[in-house]
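Values in this document were obtained by computation on a predicted structure and should not be read as measured data. Basis for what follows: all heavy atoms, side chains included, without hydrogens, waters or symmetry-related copies.
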Amino acid sequence: MEIFILAFFALGYLVLAGADIGVGMLLPYLGRTSGERRETIAAIAPFFLGNEVWLVATAGVLVGLFPKLEGDLMAAHYSLVVVLLLSWVIRDMGLWLRGRVSGPRWWSLWDGAIVAGSWGLALSWGLLLSDVLLGMSGPLALLPALVLAALFATHGLAFAALRLRGTLRERAAVLSGGASEVRTLALTAAAVAVVGVLAGLRLPLEAGTSGALLAPVILVMMPPLVASQAWVWWTFRHRVSGPSYL
């Protein structure tokens, strides 16, 4: 049961947040002007905070249900986790601050933060999963990390194609090749999930003694989380028609 809970939150984060990370990585390609970039950001604006909840929940599950695994991962990848967290903060600062002041220099600064933070997140996850999956670290792990970053980017393109309109949609739909955009998104989501499952199978998933107490509580909280995520997706199911509050 504990393993199912960890997989639920970890895979949920990779699939959901992988899309907004990918959009951030490809912001210069999708948005050629400041206005286009703002509209591209609007595609992920309603979702990215909710997606990050899944990462917070994953960390909580690790600490509460798999304390030994959490300690081992932190000890082996402390520097990488710090880079990941810094990238997360930088990316979110860009998303929040870009629209606070008018001016091309201000917009360019935070557009750069969004792109840099998104690439930092993708590569950090790539390096972490490279070590877990392949036992590779250091410069050798950069190649599989770039492969995972490319997977995030394709996932982001598929998501953007489903959310944007007009010219922006045409740029994002380059991978669909005339196929259904929903099908393309499902395929990229499945590919991300497969990577997560393969990494999970390599981990020593030995639950701690607190599982009997915490697992039922977490199971009760999971349906409201899924319901709230579904409500957000339903509410913002339409294509973006202009800039968001961000």
For a quick test of reading the model, state the closest non-hydrogen atom pair linking [X] to [Y] and the distance between them.
| X | Y | result |
| --- | --- | --- |
| Leu30 | Ala160 | CD1-CB, 4.1 Å |
| Ala161 | Ala172 | N-CB, 3.4 Å |
| Leu26 | Ala153 | CD1-O, 3.5 Å |
| Pro28 | Val115 | CD-CG2, 3.6 Å |
| Gly126 | Ala145 | C-CB, 3.6 Å |
| Ala199 | Leu129 | CB-CD2, 3.6 Å |

> Stepwise, does the side chain to side chain contact (heavy atoms under 4.5 Å, CB included) test hold for Leu65 with Leu6?
Replying inline: CA-CA 9 Å; Leu65 299 183; Leu6 179 61; over 6 Å; no
Salt bridge (Lys or Arg N to Asp or Glu O under 4.0 Å): pairs with one or both residues in [range], sequence neighbours excluded:
| range | value |
| --- | --- |
| residues 43-61 | Glu52-Arg91 |
| residues 132-147 | none |
| residues 221-244 | Glu181-Arg239 |

Working to the nearest 0.5 Å, report the span between [atom1] of [X] and [atom2] of [Y].
| X | Y | atom1 | atom2 | result |
| --- | --- | --- | --- | --- |
| Met93 | Leu86 | CE | CG | 11.0 Å |
| Leu127 | Leu80 | CG | CG | 5.5 Å |
| Ile114 | Trp107 | CD1 | CH2 | 13.0 Å |
| Ser130 | Leu146 | OG | CG | 9.0 Å |
| Leu123 | Leu84 | CG | CG | 10.5 Å |
| Leu55 | Leu14 | CG | CG | 9.0 Å |

Please check if [X] and [Y] belong to a single hydrophobic cluster, counting links between Ile, Leu, Val, Met, Phe, Trp and Tyr side chain heavy atoms closer than 4.5 Å.
| X | Y | answer |
| --- | --- | --- |
| Leu151 | Val132 | yes |
| Val61 | Val220 | no |
| Val217 | Ile5 | no |
| Phe66 | Met74 | yes |
| Val194 | Val192 | yes |

>> With a 4.5 Å cut-off on side-chain heavy atoms, are Val101 and Trp110 touching?
In response: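 When only atoms from C-beta onward are counted, Val101 and Trp110 do not touch, as no gap falls below 4.5 Å.
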> Can you find a heavy atom in the side chain of Pro144 that is under 4.5 Å from one in the side chain of Leu133?
Replying inline: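 The answer is no; the side chains never approach within 4.5 Å.
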Residue pairs, two or more places apart or on separate chains, that pass side chain to side chain donor-acceptor pair (under 3.5 Å) and touch [range]:
| range | result |
| --- | --- |
| residues 148-159 | His155-Thr188 |
| residues 22-34 | Ser34-Arg98 |
| residues 54-71 | Trp54-Gln229, Lys68-Asp72 |

Residues clustering with [X] (ILVMFWY side chains joined when closer than 4.5 Å, directly or via others):
| X | result |
| --- | --- |
| Val83 | none |
| Ile90 | none |
| Leu164 | Leu168, Val240 |

Verify, without hydrogens or angle tests, whether [X] (side chain) and [Y] (backbone) share a donor-acceptor contact under 3.5 angstrom.
| X | Y | answer |
| --- | --- | --- |
| Trp106 | Leu97 | yes |
| Arg163 | His238 | yes |
| Arg100 | Trp96 | yes |
| Asp20 | Phe48 | no |

>> Which residues pass the ring pair (Phe, Tyr, Trp, His ring centres under 6.0 Å) test with Tyr13, not counting sequence neighbours?
In response: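 Tyr13 satisfies ring pair (Phe, Tyr, Trp, His ring centres under 6.0 Å) with Trp125 only.
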> Sequence neighbours excluded, which residues qualify as ring pair (Phe, Tyr, Trp, His ring centres under 6.0 Å) partners of Trp233?
Replying inline: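 Here the qualifying residues are Phe47, Phe159.
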> Hey, mind stepping through Met1 and Leu219 against side chain to side chain contact (heavy atoms under 4.5 Å, CB included) and telling me if it holds?
Replying inline: CA-CA 9 Å; Met1 183 61 67; Leu219 287 173; 3.7 Å; yes
> Sequence neighbours excluded, which residues qualify as salt bridge (charged side-chain N to carboxylate O under 4.0 Å, His left out) partners of Glu36?
Replying inline: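 Testing Glu36 for salt bridge (charged side-chain N to carboxylate O under 4.0 Å, His left out), a comparison that skips the adjacent residues, returns Arg171.
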